[in-house]
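Read through the structure below, which is laid out as structure tokens, and then see the notes.
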Amino acid sequence: ELLIPAQLYRYTSDERYAYTFIRQHMGLVNHVGFSTSVFNALDIAGQLRVGTESLMHVLQSEHMTGEIFTAMLKTFWLQAHENLTNFYGTKDNNWASFATGGVYSFIARFREVAVYDEWYKITQDENYRITKGFVLEDGMCYELPLTYTSTILGTLYDPYIVQDETGISVPFDEEVLNIAYNIVKSLVYCSSPGFR
């Protein structure tokens, strides 16, 4: 929900929206941070994806100070580090692909972090591992509902939105792209047999 006032600030330049986002998000920073006792890996991934986007919208606000920016950036770094070091390699499902999308969102929007190259490579490798893990050879996901397939495709598509904003290549190799293509083809054929 915090993306909404950040976007409204971007569209209107009304400082009340930026102030609302900053105040609410700093509440999370100060009272939750990256605590896994409050946020699970999926929550952290969502915070990274949406929170970093929101921060980019309000950077020019008169309410954004160096201290606030530093606190938010540090929290995002800690969240990305948490998912990368304690969650990568543990799951073969949509939570895993949300985690890689969150880390990519952080490093793509803040390319200056010293760990960028290392984290990008680890994220690319993790995307390869998980994409192979949740899909059969014919492109069908291990979980049968097509809503699960749509969720997986959404997590594979979200990095393209970030790439459009940042110019940083998505962390997918050619095999991951081929697997994604097979997932789309499988979804289309299951949704409408004989589809042309």
Side-chain angles (χ1 to χ4, degrees), residues 2-3 6 25-57 59 68-135 141-143 148 151-180 183:
L2 291 181
L3 179 61
H25 196 267
M26 285 306 294
L28 286 172
V29 167
N30 291 323
H31 299 288
V32 178
F34 73 104
S35 172
T36 55
S37 64
V38 176
F39 286 153
N40 60 34
L42 186 60
D43 297 327
I44 291 172
Q47 275 291 309
L48 286 167
R49 189 178 62 76
V50 177
T52 56
E53 177 185 348
S54 299
L55 176 56
M56 300 308 285
H57 293 323
L59 278 178
I68 290 171
F69 176 79
T70 301
M72 287 185 184
L73 187 64
K74 180 179 177 181
T75 300
F76 291 137
W77 191 97
L78 291 168
Q79 290 172 334
H81 183 263
E82 171 65 27
N83 265 1
L84 192 128
T85 58
N86 293 321
F87 193 71
Y88 276 22
T90 65
K91 302 290 182 192
D92 290 318
N93 60 12
N94 59 335
W95 278 38
S97 56
F98 276 113
T100 59
V103 172
Y104 168 72
S105 294
F106 171 71
I107 61 174
R109 289 188 172 115
F110 300 100
R111 170 71 173 84
E112 303 81 7
V113 296
V115 293
Y116 171 83
D117 292 329
E118 176 188 351
W119 286 11
Y120 184 91
K121 177 67 172 122
I122 293 169
T123 298
Q124 187 176 39
D125 292 345
E126 180 71 351
N127 274 319
Y128 174 71
R129 184 192 71 80
I130 61 175
T131 305
K132 285 188 336 181
F134 53 59
V135 179
C141 290
Y142 280 103
E143 293 194 33
Y148 180 83
T151 298
I152 290 295
L153 288 172
T155 65
L156 293 173
Y157 176 74
D158 278 346
Y160 284 98
I161 297 169
V162 176
Q163 176 184 318
D164 286 346
E165 295 170 7
T166 65
I168 304 296
S169 298
V170 292
F172 303 142
D173 61 20
E174 195 63 36
E175 188 161 351
V176 169
L177 296 176
N178 289 334
I179 291 169
I183 296 171

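These figures come from a predicted structure and were not determined experimentally.
Taking CG of Leu156 as the reference point, atom OG of Ser97 lies at 6.0 Å (rounded to 0.5 Å). With rounding to the nearest 0.5 angstrom, the CH2 atom of Trp95 is 14.0 Å from the OG1 atom of Thr155. For the atom pair OG1 (Thr151) and CG (Asn93), the distance works out to 11.0 Å, reported to the nearest 0.5 Å. The CD1 atom of Ile183 sits 7.0 Å away from atom CD1 of Ile152, with the distance rounded to the nearest 0.5 Å. Note that CD of Glu53 is 8.5 Å distant from OG of Ser105, once rounded to the nearest 0.5 Å. Here the CZ-CD1 distance, from Phe172 to Ile179, works out to 11.0 Å after rounding to the nearest 0.5 Å.
The residues Lys121 and Asp125 are annotated as salt-bridged, a charged nitrogen and a carboxylate oxygen being separated by less than 4.0 angstrom.
Judged purely by atom type and a 3.5 angstrom limit, Gln47 has no side-chain atom pairing as donor or acceptor with the backbone of Phe76. Looking only at distances, no side-chain donor or acceptor of Asn83 sits under 3.5 Å from a matching main-chain atom of Ala80. Checked by atom type and distance alone, the side chain of Thr131 never pairs as donor or acceptor with a backbone atom of Tyr128 at under 3.5 Å.
Side-chain contact check for Lys91 versus Phe87: some heavy-atom pair is nearer than 4.5 Å. Put simply, the side chain of Glu82 does not reach to within 4.5 Å of the side chain of Leu78, judged on heavy atoms. The side-chain heavy atoms of Met56 and Leu59, taken from C-beta on, include a pair separated by under 4.5 Å. Residues Met72 and Phe69 fail the side-chain proximity criterion, which asks for heavy atoms closer than 4.5 Å. In this structure the side chain of Tyr104 never reaches within 4.5 angstrom of the side chain of Arg49, judged on heavy atoms. Residues Thr36 and Ile44 are in side-chain contact: their nearest non-hydrogen atoms beyond the backbone lie under 4.5 Å apart. Between Thr52 and Gln79, every side-chain heavy-atom pair lies at or beyond the 4.5 Å cut-off. Side-chain contact between Met26 and His31 is absent, with no heavy atoms from C-beta onward closer than 4.5 Å.
Sequence neighbours left out, the pairs with a member in residues 164-173 that pass side chain to side chain donor-acceptor pair (under 3.5 Å) are Arg109-Glu165.
Side-chain contact, Asn127 with Thr100: a donor N or O sits under 3.5 Å from an acceptor N or O. Of the N and O atoms on the side chains of Thr123 and Tyr88, at least one donor lies less than 3.5 Å from an acceptor on the other residue.
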Problem set entry | Worked check of side chain to side chain contact (heavy atoms under 4.5 Å, CB included) between Tyr116 and Val113 | CA-CA 5 Å; Tyr116 171 83; Val113 296; 4.1 Å; yes
Problem set entry | Verdict with supporting geometry, Ile107 and Arg111, side chain to side chain contact (heavy atoms under 4.5 Å, CB included) | CA-CA 5 Å; Ile107 61 174; Arg111 170 71 173 84; over 6 Å; no
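Within 6.0 Å of OH on Tyr157 lie no more than 12 heavy atoms contributed by other residues, nucleotides or ligands.
Between Trp77 and His81, the ring planes lie parallel to each other; the angle is under 30°, not in the 30° to 60° tilted range.
Smallest separation of non-hydrogen atoms from Tyr120 and Ile168: CE1-CG2, 4.4 Å. For the pair Tyr148 and Asn94, the tightest heavy-atom approach, listed with the atom from each and the gap, is OH-N, 3.4 Å.
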